[in-house]
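Written out below as structure tokens is the structure these notes cover.
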Amino acid sequence: MSGIYIHIPFCKQACHYCDFHFSTSMGKKEAMIQALILELEMRKTDFSNEEVHTIYFGGGTPSVLEPSKIEQILAAVQHHYKVVEAPEITLEANPDDLSEHKIKELASTSINRLSIGIQSFFEEDLKLMNRAHNAIEAKECIALASAYFDNISIDLIYGVPGMTNERWTANIEKALSFKIPHISSYALTVEPKTALKAFIDKGIIAPVDDELAEAHYYILVDKLTAAGYINYEFSNFGKEGYFSQNNTAYWQGKKYLGIGPSAHSYDGKQRGWNINNNAKYIKSITQNILPMETEVLSKTDRYNEYIMTGLRTIWGVSLDRIKADFGQEFHAYLLKQVEQKIKEELLVIKDNHLLVAPKGKFLSDGIAADLFIVNLS
Ligand code: SF4
């Protein structure tokens with residue numbers, strides 16, 4: 001099970017909290033598409049033995065592309081890679097791009113999953129975040145998209161300054177009213193060098209409150225699990241049969257190829273990341289040079305990553321896999337490390353898998369970090 005991630009580094013406007021790689025200038029859009037297609041060709045040997053099960057257009061805002069351009073990129077994937085018969089093909093989209101005409105066109109391509117960046121159904125939250133869409137567009141686009149796509153996910157953000165528990169609950173209830181099969185939800189985080197950080201530092205926006213985020217998270221888990229969604233990863237909730245195959249493969253340590261500026265790749269041993277500059281990326285690819293840096297992961301790095309991603313998912317950390325992949329020493333170390341956390345009811349072992357207990361749910365990243373090995377191998 002392998003996937004291809006394609007980064008579309010353009011956005012109509014910069015959301016205040018965002019630290020992803022994108023440009024608001026669309027001047028290089030066509031040159032970028034040609035460069036993405038070239039990179040797909042350049043890297044086909046990396047994946048010559050792999051079957052591609054998932055294709056994911058992320059960004060940035062992939063929905064700024066015309067559907068015919070998406071088709072061109074998909075044709076290059078089909079041409080150069082062994083794509084399985086019914087791959088999951090996801091497109092991240094923003095509500096302001098999703099007119100009925102555009103949705104119809106997208107539905108006529110081989111895209112079969114839409115991930116829509118709703119974030120909130122309330123004007124005040126959208127304004128604070130500087131989203132390009134308004135509350136009406138947020139609601140309308142889901143209703144329209146549901147007429148053409150069955151597999152839809154939306155993103156919601158919680159812990160936004162000024163967002164009360166009531167407003168957050170209303171957001172979740174609105175989302176549930178559309179009966180979409182998948183919801184991803186993230187806490188608003190303040191990243192360095194973002195407008196949000198500058199506004200908070202200047203006192204223009206109230207600081208993000210961790211306790212509020214925690215309260216919102218538990219409201220989210222309660223409401224969505226009561227509505228039949230499975231919280232299969234810390235931030236992801238899906239109905240049976242609608243988990244993101246792309247993200248699941250990533251959390252399970254499968255290989256993926258990242259195409260485009262700032263995209264990351266992983267081949268099971270080594271991680272790579274492309275340059276995060278559109279002009280330099282295009283220039284380098286056009287000269288047939290892959291603008292990528294790589295890092296070979298040590299056994300300890302791979303172990304720590306498995307602990308971190310495993311504890312965020314319902315599949316947990318397989319103790320058999322720890323023994324098989326990392327050896328007896330790592331296995332014994334982990335069992336020793338978890339003793340206290342099991343006593344504190346933060347972790348449990350079930351069917352030889354280590355899982356976060358309900359009490360530890362919001363703390364899973366911190367719990368994982370406590371289990372990391374710093375200097376064993
Ligand atoms: S649309 Fe997405 S990628 Fe673009 S600025 Fe907003 S959060 Fe970042």
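Hydrogens, waters and symmetry mates are skipped; everything else that's a heavy atom, side chains included, is used. In each ligand, atom 1 is the first atom listed, and ligand 1 is the first ligand listed. Bear in mind the structure is a predicted one, so any value in this text is a computation, not a measurement.
Residue-ligand proximity, Thr61 to ligand 1, at heavy-atom distances under 4.0 Å covers atoms 1 (S), 4 (Fe). Counting atoms of ligand 1 from 1 in the listed order, those under 4.0 Å from a heavy atom of Phe22 are 5 (S). Near Gly60, with a cut-off below 4.0 Å to any heavy atom, the atoms of ligand 1 are 3 (S). When each atom of ligand 1 is checked for a heavy atom of Cys18 under 4.0 Å away, the hits are 3 (S), 5 (S), 7 (S), 8 (Fe).
Looking at Glu88 and Asn246, their side chains never bring a donor and an acceptor atom within 3.5 Å of each other. Between the side chains of Asp325 and Tyr303, not a single donor N or O lies within less than 3.5 Å of an accepting N or O.
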(Q) Using salt bridge (Lys or Arg N to Asp or Glu O under 4.0 Å), reason through Glu50 and Lys254 one step at a time and then give a plain yes or no. (A) CA-CA 11 Å; Glu50 299 297 326; Lys254 304 281 165 41; over 6 Å; no

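For the ligand labelled ligand 1, residue Arg131 lies inside the 4.0 Å heavy-atom shell. Between Gly117 and ligand 1 there is no heavy-atom distance shorter than 4.0 Å.
Ring geometry for His7 against Tyr5 counts as tilted: the plane angle lies between 30° and 60°, on a 0 to 90° scale.
Between atom 8 (Fe) of ligand 1 and Cys11 there is no N/O/S contact shorter than 2.8 Å.
The pair Arg167-Asp125 meets the salt-bridge criterion, with a side-chain N (NZ, NE, NH1 or NH2) lying under 4.0 Å from an Asp/Glu carboxylate O. By the 4.0 Å N-to-carboxylate-O rule, Glu329 lies too far from Lys299 to be salt-bridged with it.
Residue-level proximity to ligand 1 for Cys15 is carried by backbone and side chain together, each with a heavy atom below 4.0 angstrom.
In this structure, Tyr217 has its ring center closer than 6.0 angstrom to the ring center of Phe234.
When hydrogens are left out, the protein atom nearest atom 1 (S) of ligand 1 is Asn94 ND2, 3.3 Å; that is the closest non-hydrogen contact.
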